[in-house]
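Here is the structure we will look at, set down as structure tokens.
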Amino acid sequence: MKGRVMKARMTLGDFLVAYLRKIGVTRVFGIPGDLALRLFFALGRKHRLEIVTFSHEPGVGFAADGYARATGRIGVICVTYGAGGHNMVNPVAGSFSERVPLLIFSGGPGEDERKLGTLIHHQAREIESQHRIYQEVTCASRVLTDPRRAAADLHDVTRAVWAEQRPGYVEIHRDMVDREIEVPDEIIEWDGRLHFHESDARRVEEAARDTAAMFNAASKPVVIAGIEIHRYKASRDLVRLAEKMGAPVLTTVLGKGAFPMDHPLYMGVHVGPISPAPIVKRMDAADFVLNLGCLKTDMNFGNRPPHIIQSKTVWAVDRRVDVKYHSYIEVGVRDFVRALRRTRLRTHRERVQYADNLREAASSNGATVKVSALLGTVNEFLAAHRGYMVVAESGDMLFGGLDVRVPHGGTYLAQGFYASMGFAVPAAIGAQIGNGLRPLVLCGDGGFQMTGAEISHSGKYGANPIVILVNNGGWEIFRPIADRPDLLDLPPWHYARLAEDWGGVGFEAHTIAELTGALEAAHSSKSFAIIDVKVDRRDLSPVTMKYIRAAARRSHMKPRPAPHIAARQLES
Ligand SMILES: Cc1ncc(C[n+]2csc(CCOP(=O)(O)OP(=O)(O)O)c2C)c(N)n1
Ligand SMILES: [Mg+2]
């Protein structure tokens, strides 16, 4: 069929479809525009690729990101030049930061227009400006202008996207789509398989040997799993390795979900000194810490440098393994984990207890729902209904979500480091399109007001997220440190009614009993659901309270607790 079979000479539009199909792409997320129309329709013509649209480019970008995270495949995006391309920058920056493989196609002005010497609509500074902006947030980028190089250029960008697990950018000006291009034999004959960077086998073995020696000499070892375990598909190998070691496994904020949350060796999320008390205690007692695929971020350490000193530590991240004070380069985390599995390891038999912050918080007893009780209710719901994918939005729920435990069969997704608001709802829809798991979205009212309306698109793709909208009336995560709390207020939307208007079901919950009832009703419903949970405006999740306290200590700002609610948490 036209556009599927790769030939030595074909139009660029046909080549794109054939190439994307060859690497297993079936869907493209996008919004058209006149400078991308030919491109958009070349990709989306009948029997080619399924096009998934949303109302606003950030929704498209977050959905493609969620799809890529959920499937472990490349998320493909098509946008128009300028207004569309620039709208897409923030989601792509987030994907760059959190190692999500995306391929962004943008349209652009044709040669005739470029020769006119006038500004072209959608143009910001120069025609090349958009490409330059994208160079900052992608691992590879090209403008396809040369018919002899176009195929190879796309191939280069795609291979980099996969090897680096980061976004790549390809600009195709509108007069190029129907131009005939030359396709090199090696691309025609290629089997379509993409590969991670190769590791240096000798360095892998030696790094593993050194690490095993440290592990075998330790009496209180700990393993921490990070984002690269997800991205480089090493979760299963990590489980086997951990079982061989018999040591407790923690994840970072970004790595949450990289190790099964109901595994007997799983201890919880490590956020440095603001981790749950038993985790802080266990980390203090550790005489060896094996960090696998963890980025060295402020979030991973709760805004403090690692308190586990380097002489007790192995770090494997960014294709490099630091064993105490020396480094092995060209060692990918997956190869390293596999090599560790092959070494002789002493098996510890530590009895590991899962730890969260919910027990420390007061349970809900008044008329309003306490955030900690809401999170406890979510955990009960997840234990009773397997197979949900929890998606946490930036804001209080990014921290609150750390105390959510998803049992086997489900998964967890959040933009835990870049933390852009507006991520959760569209990412949840994209993720469900990809892996079929029903999302349970934990979202503040502020985050929802950014991109929540994209939920109206979910039905046409068979997606039906349940959104728990934690409605505190504002950007409340900042209230404890705000001099002008009135600047944090948000307009009160009627979320339950909006859900009905948009084709879903809506609920309001003022008590835990009402929340439980609404969750059950939403679970039985085939359409998407929004549960507007009214919480006290000064109530925040236990981890947020710790985080704000720690941040305030550093910047000498005084947290301003609401006396009746936060004081106990602030003092603990
Ligand atoms: C795109 C973007 N803009 C601004 C911020 C800064 N920010 C972080 S949390 C937050 C408020 C979140 O409010 P809401 O979603 O209502 O959650 P709450 O903390 O009130 O539960 C803001 C403005 C951000 N993370 N992302
Ligand atoms: Mg809010």
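Just so you know, ligand 1 is whichever comes first in the structure, and atom 1 is the first atom listed for that ligand. What you see is a predicted model; the values in this text were computed from it and never measured.
Nearest-residue assignment for atom 20 (O) of ligand 1 (options Gly395, Gly474, Ser420; heavy-atom criterion): Gly474.
Atom OH of Tyr461 sits about 6.5 Å away from atom CD1 of Ile433, to the nearest 0.5 Å. Distance SG/Cys139 to CZ/Arg99: 10.5 Å, rounded to 0.5 Å.
Looking at Asp501 and Arg497, no side-chain N of the basic residue comes within less than 4.0 Å of a carboxylate O on the acidic one, giving no salt bridge.
Near Ala419, meaning under 4.0 Å from one of its heavy atoms, ligand 1 places the atoms 24 (C), 25 (N), 26 (N). Remark: ligand 1 atoms within the under-4.0 Å shell around heavy atoms of Ser394 are 25 (N). The distance from ligand 1 to the heavy atoms of Gly447 drops below 4.0 Å at these ligand atoms: 14 (P), 15 (O). Listed by number with element, the atoms of ligand 1 under 4.0 Å from a non-hydrogen atom of Gly446 are 14 (P), 15 (O), 16 (O).
Side chains of Glu50 and Val28 form no contact here, defined as non-hydrogen atoms less than 4.5 Å apart.
Vertex the Mg ion (ligand 2); arms to Asp445 atom OD1 and Gly474 atom O; angle 100° (nearest 10°).
For the pair Arg73 and Tyr67, the NZ or CZ position fails the cation-pi test of under 6.0 Å to the six-membered ring centre and within 45 degrees of the ring normal.
For ligand 1, one of its N or O atoms has an N or O atom of Met421 under 3.5 Å away. Ligand 1 has an N or O atom lying under 3.5 Å from an N or O atom of Glu476, backbone or side chain. Geometrically, ligand 1 and Leu540 share no nitrogen or oxygen pair separated by less than 3.5 Å.
Contact annotation: Asn472 places an N, O or S atom under 2.8 Å from the Mg ion (ligand 2).
Put simply, the residue from Asn379, Val441, Leu442, Ile468 that forms a side chain to side chain contact (heavy atoms under 4.5 Å, CB included) with Val390 is Leu442.
For Phe448, no heavy-atom contact with ligand 1 is shorter than 4.0 Å. If you look at Asn472 next to ligand 1, the close heavy atoms, those under 4.0 Å, all belong to the side chain.
Taking atom 19 (O) of ligand 1 as the reference point, the nearest protein heavy-atom neighbour is Asp396 N, 3.1 Å. Looking only at protein heavy atoms, the nearest one to atom 13 (O) of ligand 1 is Trp475 CD1, 3.3 Å.
Taking the ring centroids of Phe381 and Tyr388, they lie under the 6.0 Å cut-off.
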